[in-house]
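Only one structure is covered here, and it is reproduced in the block below.
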Amino acid sequence: MPTMETLTPKWNSEASALERQLAELQTQLKANHANMPSKDQGRRANAIASEQITATEDEIEYVRKSLKMNYRKILTTDLPYAATHHIEDKLWRYICYANIEQVRSKLRKLRPDEDDVARQRLQRQLLKYIDSSFKFYRELNNRIKSDHNVDTKTVGIDLIRQGASGDTSEEQVAMVLQSNYICMGDIARYRASTSTASKKENEENWKLAKECYQKAIDVYRYSGKPYSQLALVSLSSGSAVDVVWYYCMSLAMKHASTVGRDNLKAFYSKIRFSSPDKAVQNESGTKMISQFIESFLQTHKQAMFGESNSVTTITNNTLDTVIARTVSSVAAQDEINKANSSIIHVLKSMLSRTIVILLITIWYIGERMKVQGNPSQWTQLQSSQVRLLSLGFQLLAGLVKATHDGWTEAKEKMSEDTFEQLNSMMENAVLSGLSIWCTYLANNLPVIAQYCTSGAGADGRRDNERKELVKTVQSFLSALINHPMFPDPVVNVLPITYPVSEDVLLLGVVPLMRFHSTVDFFKENAYELADESNVDARRQIRWGRVRELVKKIAESTAFDFVQYNKNEQKYSVVDENAKRQQQSRFMKALATQRLMDQVSSLEKNVSRMNLTAAPSEKVEVFTVVVDVTAFLDGLNKIKKWANQTLNPNNRSQDSILEVLVPLETIDSLDVHKKGSSHMNMQARESIRFLDQHLAREKPKDTSTSYLRTQKITEQLTEWSQAESYWIGEESRANIVDALISDDEEENGDKVIHESDVESLSSSDDLFQMGRRQFDEEDSSGSESSDEEEEEEESEDEDAPVTFHQVPRAYVPIISCMLYNLKERLVLVTNDENLAWWAEMFGDPETGRRLYVKTVDQWDQVVRTMSFNKTYAYSWKKR
């Protein structure tokens, strides 16, 4: 039985023979037409020649049908072979397009006064070829999709994620499907151009052509040809900005359209721009938007094709005026009518189109600069790029301000619901284009960095352009930072890699390819519904992309006019005057610091000269280990301890605090930082506080308290080593009696200190809570008497806990404590269970247990400076 490996070469050989035969017949047909006798040579000769032409045409049609079936077999049985040998292209050129174009050529040659019967016959023949070809391609694509399990909505996205290589079977299938869909779109476009169809039928055919071209885009996102064809469809609707948008998209693909630039230039040559109308005060919003588009397209034409002699000035506040008038109109009626909604919708669509055209043109000019050898042209291209960048920043800065500035008076006239709805619609209209612009620049920051770096201008004119660009960037960033939605929200923020509608629309555009490779497009379905939660989610994603640009600009060394205040967590834009003032303040601070250093040096010299002064005693260091509850309940107190001056009246300090933060505490803070509660905010504030001290080492000057983090080696090598420090549990009554008796021996009738009473009471509670964790046993099946139950409970209470029952969560901190075990060591925690377990450890030789205090208790000790007394009291043998 023949296999595919043997059939495909056979079919290809037959196809090659049919192609040669078809070429010979077409040559013969041309010769027959050239040798067609005139009317003067007689009717008989003319009839014989006509019969020869008809016979040749019939033979050509037969060969085409045979070749068509042969191509179909190859495409449906061995598609990789077909893709490699471009069978789908031959199918269109030799068969379908040739049949249609042959009849169209005959129709064009007919004079208006010739026989209507012949015209109608040719028109019917043309429609027959169009309908049969469209049906053939539709069935062929359905067969290919079925055989290869292709989903036209996702295959293009999958290929983008995998990366194009050109030789994978999936990519070959996608390329063949795209070619067929483009052919279907062309056929529908031919059908819409026929004069026999009604207006409604033509509109349906144009719509069908657009759908086919869109499917061609969906299956293979690397080609620019479908966008170039969509520009032809847009010509029928008369939308100039859509035509330019599609041609620009065709140039921004990896496999750019070969005719896109020439077709765009030809399109611009046919447009007659009107002179700008300055009197726009009484124009409608739609008319003002149209005037802006016309001015923008003039600017784009000049930048794209190098017409530097005439520069069109765009009035950027035109769109700001549209927003202001729309707001005033809504405020006057206290409702958003159909006209206002239409204006906002047109504004959104137009702005997105404009921004995409801008960024693609900026990228395209940059690509031309890379291969441009003429320095004069390179300078011209650079100037065009700077002007387009300035235009984009000016346009968006004005729109961002217009969406919230000057709304106070209008807000008073509108109801709360109307205001919220209008505010959301205006923000959504601007935010889509703003997000696209910021996403492009955030992933292509060198585009603007090369012009914003000081000294980037090579001559006076370029330096002025650079300064103007810097001003527009500053104005743009200021508008963003001052917008109410710009500050980072606390919760419910989706990552910027979540997809929104413009991501799918622009998928495949080379300047955005780096960012789109990080987007999970299969989450897109979750954001297609227009409910409130999804609208808010899309808004947060887009604002996140805006913040990402500001963040990267602030972090870049090329932009010295954007700063980030870590303490306040705010961005600020610094202009030239502010920079000079800041530099002046910095110089004054340096002078003050130098003067203070000189005073300190003099004081040290005087101290050395005091020969009679007694030598200072060794400084006592009190190590304070703090857990996560200490930070969450007393961050300000920890800050105070880390900078505590214990003996402010003494020139030399004999006691300081070493605040030790275990690694376990830092991990716990990281777990608690997410959320909006007071505890979560306290955790985040604690992390920021620790970040400022992570790089600090133990100060050389040991006269002041300090904070440090636990080193990795500051823990027991193995937890089993802690068993040697286990003291265990004793009767609480014996502990209390021992403490009271020892206190009476040392102090006579002196009353127990208030803080010790609190500690003792707290410890008693901790003792009971800790014991309860291990007293729970199942007694549901017991039928014993009350006396037996009391005896069992008594026995449970007397059963001591063991070393192996220590909860695993407390092991890291207790291990850190035991590694640093010394006389002046304290654990500060508000965790009662941790305190109870920590007191089970200590020095077995002396019987001294680990010293534990709550945050408030330890703060009282620090305030009263009763360290020696407190430690002596705590370290009594138990």
Side-chain angles (χ1 to χ4, degrees), residues 1-20 22 63-99 132-188 211-227 229 253-255 257-258 507-508:
M1 184 177 180
T3 62
M4 185 176 64
E5 288 77 7
T6 59
L7 287 176
T8 302
K10 177 184 177 182
W11 291 334
N12 186 55
S13 178
E14 293 177 358
S16 298
L18 290 171
E19 288 170 4
R20 290 192 297 269
L22 180 62
V63 172
R64 282 175 177 167
K65 287 181 179 179
S66 301
L67 192 58
K68 180 179 180 181
M69 299 308 298
N70 199 289
Y71 285 156
R72 190 180 190 280
K73 290 178 182 178
I74 298 175
L75 284 167
T76 55
T77 57
D78 194 355
L79 194 141
Y81 178 89
T84 305
H85 292 78
H86 305 288
I87 300 299
E88 75 284 356
D89 182 57
K90 294 179 181 180
L91 175 63
W92 173 251
R93 288 189 294 111
Y94 295 158
I95 311 298
C96 299
Y97 177 73
N99 283 333
S132 62
S133 297
F134 189 90
K135 181 180 179 181
F136 172 81
Y137 273 111
R138 183 174 58 195
E139 293 176 351
L140 177 61
N141 270 7
N142 289 337
R143 173 73 180 274
I144 294 174
K145 288 189 294 182
S146 176
D147 291 345
H148 297 273
N149 297 320
V150 175
D151 183 357
T152 56
K153 288 293 184 181
T154 61
V155 62
I157 298 174
D158 283 334
L159 291 174
I160 289 289
R161 297 177 66 185
Q162 298 170 8
S165 59
D167 55 356
T168 63
S169 59
E170 293 84 357
E171 190 167 358
Q172 289 173 340
V173 171
M175 293 171 68
V176 171
L177 285 174
Q178 182 184 70
S179 177
N180 292 344
Y181 277 124
I182 291 175
C183 293
M184 293 173 67
D186 289 343
I187 294 170
E211 290 175 355
C212 293
Y213 292 139
Q214 188 59 55
K215 287 183 178 179
I217 293 173
D218 291 339
V219 296
Y220 191 63
R221 293 276 180 169
Y222 289 106
S223 176
K225 186 176 180 180
Y227 291 102
Q229 299 301 98
M253 297 294 144
K254 183 175 181 179
H255 305 303
S257 171
T258 56
L507 182 59

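For this chain, numbers begin at 1 and follow the sequence in order. Worth saying up front: this structure is predicted, and the values here are computed from it rather than measured.
Not a single donor-acceptor pair under 3.5 Å links the side chain of H148 to the backbone N or O of I144. Between the side chain of N142 and the backbone N or O of R138, at least one donor-acceptor pair lies under 3.5 Å.
Closest approach of T76 and D147 over heavy atoms only: O-OD2, 3.9 Å. Across every non-hydrogen atom of L507 and Y227, the tightest pair is O-OH, 4.4 Å. Shortest non-hydrogen contact noted between V219 and L159 is O-CD1, 4.0 Å. In plain terms, the two heavy atoms of S179 and E88 that are nearest each other are OG-CG, 3.3 Å. The two residues D89 and R93 come nearest to each other via the heavy atoms OD2-NE, 2.8 Å. Between G508 and I160 the shortest heavy-atom distance is CA-CD1, 4.3 Å.
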Problem set entry | side-chain contact (heavy atoms from CB on, under 4.5 Å) assessment of L91 paired with R72 | CA-CA 8 Å; L91 175 63; R72 190 180 190 280; over 6 Å; no
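Exactly one of W92, Y97, Y213 qualifies for a side chain to side chain donor-acceptor pair (under 3.5 Å) with D186. That residue is Y213. When M253, H255, M175 are each tested for a side-chain contact (heavy atoms from CB on, under 4.5 Å) with Y222, only one passes: H255. The one candidate from C96, C212, C183 that meets the side-chain contact (heavy atoms from CB on, under 4.5 Å) condition with F134 is C212.
Going from atom CZ of F136 over to atom OG of S132 covers 10.0 Å, rounded to the nearest 0.5 Å. In this structure, NZ on K68 lies 8.0 Å from CD1 on I95, to the nearest 0.5 angstrom. Atoms CG and CG, on L177 and L79 in that order, are 7.5 Å from each other to the nearest 0.5 Å. Atoms CG and CD, from L67 and E14 in turn, are 10.5 Å apart once rounded to the nearest 0.5 Å. Distance check, rounded to the nearest 0.5 Å: OG1 of T77 to CZ of R143 gives 8.5 Å. Annotation: the span from I74 atom CD1 to K90 atom NZ amounts to 8.0 Å, rounded to 0.5 Å.
Put simply, the side chain of T152 does not reach to within 4.5 Å of the side chain of N141, judged on heavy atoms. You'll find the side chain of D158 stays beyond 4.5 Å of the side chain of E170, heavy atoms only. Looking at heavy atoms from C-beta onward, I217 lies in side-chain contact with R221 at the 4.5 angstrom threshold.
For E171 and Y220, the side-chain atoms include at least one donor-acceptor pair closer than 3.5 Å.
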